[in-house]
Amino acid sequence: MDEEFWQAKQVSDRTGIPEGTLRYWAHRGDMGPASFKLGRRRVWKKSAVMAWLAAQEAATTTAGGIA
């Protein structure tokens, strides 16, 4: 398995979304990129974060390509 797993700090560093927000979204289960528990830690697959970002971009891009 060649997947990279990120903790909240890494996701936050790459997206600008506060760690607390990421944890809250994960707790709700219906917002943000998919995450799961790995032992006692919550982690996000890098690929899931990147796919979620692409979906956010696609969903919010306005005509002319300016978001």
_Distance check, rounded to the nearest 0.5 Å: F36 atom CZ versus K45 atom NZ?_
6.0 Å
*Taking atom CE of M31 as the centre, does the number of heavy atoms from other residues, nucleotides or ligands within less than 6.0 Å exceed 12?*
yes
*Spacing of K46 atom NZ and Q10 atom CD [to the nearest 0.5 Å]*: 10.5 Å
_To check you understand the geometry: which heavy-atom pair defines the closest contact between A26 and S35, and what is its length?_
CB-OG, 3.5 Å
*Euclidean distance, K9 NZ relative to E19 CD, rounded to 0.5 Å*: 6.5 Å
*asked:* Counting only heavy atoms from other residues, nucleotides and ligands, does the tally under 6.0 Å from NZ of K37 exceed 12?
replied: yes
_Looking at every heavy atom in both W44 and P33, which two are closest together, and how far apart are they?_
NE1-O, 3.4 Å
*Mind running side chain to side chain contact (heavy atoms under 4.5 Å, CB included) on R41 and Q7 for me, showing each step along the way?*
CA-CA 8 Å; R41 300 177 301 147; Q7 293 185 21; 2.5 Å; yes
*Supply the atom-to-atom distance Q56 CD to T61 OG1, rounded to the nearest 0.5 angstrom.*
10.5 Å
*Short question: side chain of S12, backbone of A8 - any donor-acceptor pair under 3.5 Å?*
no
*Please test V43 against W6 for side chain to side chain contact (heavy atoms under 4.5 Å, CB included), starting from the C-alpha separation and ending with a verdict.*
CA-CA 5 Å; V43 296; W6 289 348; over 6 Å; no
*Which residues satisfy the side chain to side chain contact (heavy atoms under 4.5 Å, CB included) test with I17, sequence neighbours excluded?*
T15, T21, L22, W25, W52
